[in-house]
There are 2 protein chains.
Amino acid sequence: MNESPDRRTGRKRRRMQRVTMQAVAERANVSPSTVSLYLRRPEAVAAATGQAITGAIDELGYVPNLVAGGLAAAASRAVSIIVPSVRNAFFAETVAAMQAELGKERLQVMLGHSEYSDREEESLVRTALSWAPSAIVLTGQSHSAGTRKILAAGNTPVVEIWELGGQSIDMTIGFSHDKVGRTAAEYLVGRGRRQLAFLGARMQEDRRANTRAQGFVQEALRLAGLHAEIIGNPARAGVELGALLLGQALERVPDIDGIACSNDHIALGVLFECQRRGISVPGDIAVVGFGDLDFAGSCIPTLTTIRPPGDLIGTEAARVIINHVRGDRSDSHCVIDTGFRLVERQSA
Amino acid sequence: MNESPDRRTGRKRRRMQRVTMQAVAERANVSPSTVSLYLRRPEAVAAATGQAITGAIDELGYVPNLVAGGLAAAASRAVSIIVPSVRNAFFAETVAAMQAELGKERLQVMLGHSEYSDREEESLVRTALSWAPSAIVLTGQSHSAGTRKILAAGNTPVVEIWELGGQSIDMTIGFSHDKVGRTAAEYLVGRGRRQLAFLGARMQEDRRANTRAQGFVQEALRLAGLHAEIIGNPARAGVELGALLLGQALERVPDIDGIACSNDHIALGVLFECQRRGISVPGDIAVVGFGDLDFAGSCIPTLTTIRPPGDLIGTEAARVIINHVRGDRSDSHCVIDTGFRLVERQSA
DNA sequence: TGCAAAAATAATAGCGCTACGATTGAGAAT
DNA sequence: ATTCTCAATCGTAGCGCTATTATTTTTGCA
């Protein structure tokens, strides 16, 4: 019987919500424990009781308080996802797919953008841990020492996505960017191209793009003893940059005949610039992209590109997280190679 | 003195974290209240005490528990953002900008995707409220009755973004899509175009695209008595769809000379398809897009388009939310028109 | 019908933190 | 010296919920 909890001391305290589980319990003539149990495991409560509770919830318009629930349960139903930027279509796709799956389990997505900075990522991880999330999802496998340390200190499950082959923290879902680069090189070399270049943006920050570039160069060398040039630019990847980089490529490798791009936006820029300069694609230069973005199948010429399974990475990440939340630890320290696919079109 | 809280009853209870504020307080020889105060308002604590606390925090590796904090404070430092899809570059930009600003204030972004469904949005709003967020951000102004009801029942601040002119729930930041459509019509008519069409995707679900289309049609009629055709498709907006829609437009309006698109992807598809069919742009057909996406300045011809200020919407939304969190209610029920800008390029 | 086993429900004791009022101590004003 | 003021710090009592144990009710079966 605490009609007025602070009656004795005269203190005021701001309440969070008007309708609490207590109120639902009273309305349904059961104890709060039963309401809580019903909400978490309906099958553990008798059908009639369940109906009474559902009725009370509807009548009162009860909204459960997940903050209180998270505190009591020592783990919140939040999943923290940290990506370089959701402006990047790759990560947007993964985040959207993951949210769709996690949402079904009433897991809330918390989003952070590292902007390709390890320092920023560390700061985001620190904040994320403050929420006692069910899992933390990080992009890639290169993290600051501090990030690794604070993650090792806790026991929050960690899923690293979009990269493979490095040192895993816990669970890993992605593909080999080295192989992507090698696949592009192999394809171009196989098509008889000999003067190769890799065009990329933000190669300092974007380790994965860098890995693709290295794989490309090494495979060109290994397969045919060719020297492939890497032409980078610190600017953000974009169509305009692609046009610019083509210009640089033509200067550095005058008789260039094969180009791989760190992403499709750059490849599209290359296609446009080739058209402007009257360079035939793939006649004079073959172009391979990365991403298989929206326009790849419609541009002129259509773009041969490597398709990373952004949505699959998202759904798989969601799957292992959901399993973990349910208590199934069998995915612990798993490494899932989602692979990728070369999509042959006209440009190469 | 409660070294072992459950000693008497012998109950086990899982603890959330090893280092609590209590531990920090003991280490720094102050009370927990002071640590809490220091963390929330450092200026209210003496410098020497602050240093002692900072030292203790570092030594112990203390991570504050925002879940507990949120419960005690009756409001969590979370902001729930619900957009149709983060795959859409418009919303990705806004979400990224908003997260950047909110992150500075240690406000956590919680993300949900409605996939253009009012029902789904309602479900997401319900879940969002369970987190007692500092604010809820919704896209657009058309919501289900249920959504409006549950939002009205609480007192969580609501920010509606990307649309203006409808019935506001609370704060509104966006621009008029009707004006966007009218601007496109005015521009094309002003350039002497007479056979007009508006090409759009998902016109049923995407009310804003629909509003732009209606504005376009009405302005064409008002200015020059012209009948503009609306050519829609339930598929997702994309470059490929643009090509398809151009074909339909040519059938429906054989001597078409002016096209407005519901977004730049569709416009790009139109450009590509025109190139394939040997139709000159803007010679034969003028094309106006919407979005000013990455490629708009680089494609052939460069795309005349209407630029919605996605990042500005995000930063403004963050600003009013931060003000509200700080206790400044002056933005309550504000309506901020961010406007938009027609970017003239070659295609029209 | 009686009794053990199982099912359903209830009572208890916090989770870690913050808001509020209370208290302390140092300097200013009298 | 005494009172007053203000800044700095502390003690208390929950926020709303869940995990655990305890109790009650129902069921199965002889």
Side-chain angles (χ1 to χ4, degrees), chain A residues 1-2 4-26 28-50 52-53 62-77 129-132, chain B residues 1-2 4-26 28-50 52-53 62-77 129-132:
Chain A
M1 285 295 135
N2 64 340
S4 170
D6 304 321
R7 182 163 35 94
R8 281 167 306 168
T9 57
R11 286 206 191 155
K12 306 135 207 165
R13 197 163 175 81
R14 64 176 71 153
R15 289 184 77 86
M16 218 162 188
Q17 49 198 140
R18 28 204 94 185
V19 183
T20 65
M21 189 177 273
Q22 170 75 37
V24 173
E26 281 167 18
N29 281 315
V30 293
S31 74
S33 311
T34 306
V35 177
S36 172
L37 185 62
Y38 175 71
L39 255 26
R40 283 173 296 118
R41 290 169 35 216
E43 77 285 357
V45 169
T49 312
I53 292 172
Y62 171 66
V63 176
N65 187 329
L66 290 176
V67 179
L71 180 61
S76 76
R77 291 191 76 77
L129 285 173
S130 292
W131 286 92
Chain B
M1 286 297 131
N2 63 340
S4 171
D6 303 323
R7 183 164 33 97
R8 282 166 307 169
T9 57
R11 283 203 193 158
K12 307 135 209 167
R13 196 165 178 80
R14 64 177 73 153
R15 291 184 77 84
M16 218 164 190
Q17 47 197 143
R18 29 202 96 184
V19 183
T20 65
M21 189 177 274
Q22 171 74 40
V24 173
E26 281 166 17
N29 280 315
V30 293
S31 74
S33 310
T34 305
V35 177
S36 172
L37 185 62
Y38 175 70
L39 255 26
R40 284 172 295 117
R41 290 167 37 214
E43 76 285 358
V45 169
T49 311
I53 293 172
Y62 170 66
V63 177
N65 187 329
L66 289 176
V67 179
L71 180 60
S76 74
R77 292 191 76 78
L129 285 173
S130 291
W131 286 93

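For the numbers below, each heavy atom of this structure counts, side chains included, while hydrogens, waters and symmetry mates do not. In what follows, chains carry the letters A, B, and so on, assigned in the order in which the sequence lines appear, proteins first and then strands, with residues in each chain numbered from 1.
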Roughly how far, to the nearest 0.5 Å, is OG of A:S31 from CD of A:E26?
11.5 Å
Out of curiosity, A:L129 CG to B:N65 CG, how far, rounded to the nearest 0.5 Å?
10.5 Å
When you measure from the side chain of A:S76 to the backbone N and O of A:G70, does any donor-acceptor pair fall under 3.5 Å?
no
So does [X] get a side-chain nitrogen or oxygen closer than 4.0 Å to the phosphate oxygens (OP1/OP2) of [N]?
{"X": "B:S36", "N": "C:dC17", "value": "no"}
{"X": "A:T49", "N": "C:dT9", "value": "yes"}
{"X": "B:S31", "N": "D:dG11", "value": "no"}

With side chain to side chain contact (heavy atoms under 4.5 Å, CB included) as the test, pick out the partner of A:T34 among A:N29, A:I53, A:L39, A:V24.
A:I53
Check the distance between [N]'s [atom2] and [X]'s [atom1] and give it to me in whole angstrom.
{"X": "B:R77", "N": "C:dT18", "atom1": "CZ", "atom2": "P", "value": "10 Å"}
{"X": "B:R41", "N": "D:dT9", "atom1": "CZ", "atom2": "C1'", "value": "13 Å"}
{"X": "B:M21", "N": "C:dT18", "atom1": "CE", "atom2": "C1'", "value": "8 Å"}
{"X": "A:L37", "N": "C:dA10", "atom1": "CG", "atom2": "P", "value": "11 Å"}
{"X": "A:R18", "N": "D:dG16", "atom1": "CZ", "atom2": "P", "value": "12 Å"}
{"X": "B:Y38", "N": "C:dA19", "atom1": "OH", "atom2": "C1'", "value": "21 Å"}
{"X": "B:L39", "N": "C:dA19", "atom1": "CG", "atom2": "C1'", "value": "15 Å"}
{"X": "A:L71", "N": "C:dA13", "atom1": "CG", "atom2": "P", "value": "18 Å"}

Among [options], which nucleotide has an atom closest to any side-chain atom of [X]?
{"X": "B:A73", "options": "D:dG16, C:dT18, C:dA11", "result": "C:dT18"}
{"X": "A:R40", "options": "D:dA19, C:dT9, D:dC10", "result": "D:dA19"}
{"X": "A:A46", "options": "D:dG16, C:dA8, C:dC17", "result": "C:dA8"}
{"X": "B:R15", "options": "C:dT18, D:dT9, C:dC15", "result": "C:dC15"}
{"X": "B:S33", "options": "C:dT9, D:dG16, D:dT12", "result": "D:dT12"}
{"X": "B:A72", "options": "C:dT9, D:dC17, D:dC15", "result": "D:dC15"}

For DNA chain C, the dot-bracket notation using Watson-Crick and G-U wobble pairs below 3.5 Å, [ ] for pseudoknot-type crossings and | for other-strand pairs, is ||||||||||||||||||||||||||||||
Using a distance-only test with no angle check, is there a side-chain donor-acceptor pair under 3.5 angstrom linking A:S36 and A:S33?
no
Can you name the nearest heavy-atom pair linking B:S130 to A:P64, along with the distance?
OG-O, 3.1 Å
Can you give me the closest heavy-atom contact between B:A28 and B:A52, atom names plus distance?
CB-O, 3.7 Å
Test log, rule side chain to side chain contact (heavy atoms under 4.5 Å, CB included), inputs B:V30 and B:V35:
CA-CA 7 Å; B:V30 293; B:V35 177; 3.7 Å; yes
Checking all strands, does [X] fall into the base, sugar-phosphate, or nothing category for heavy-atom contacts under 4.0 angstrom?
{"X": "B:L66", "value": "nothing"}
{"X": "A:Y62", "value": "sugar-phosphate"}
{"X": "A:V67", "value": "nothing"}

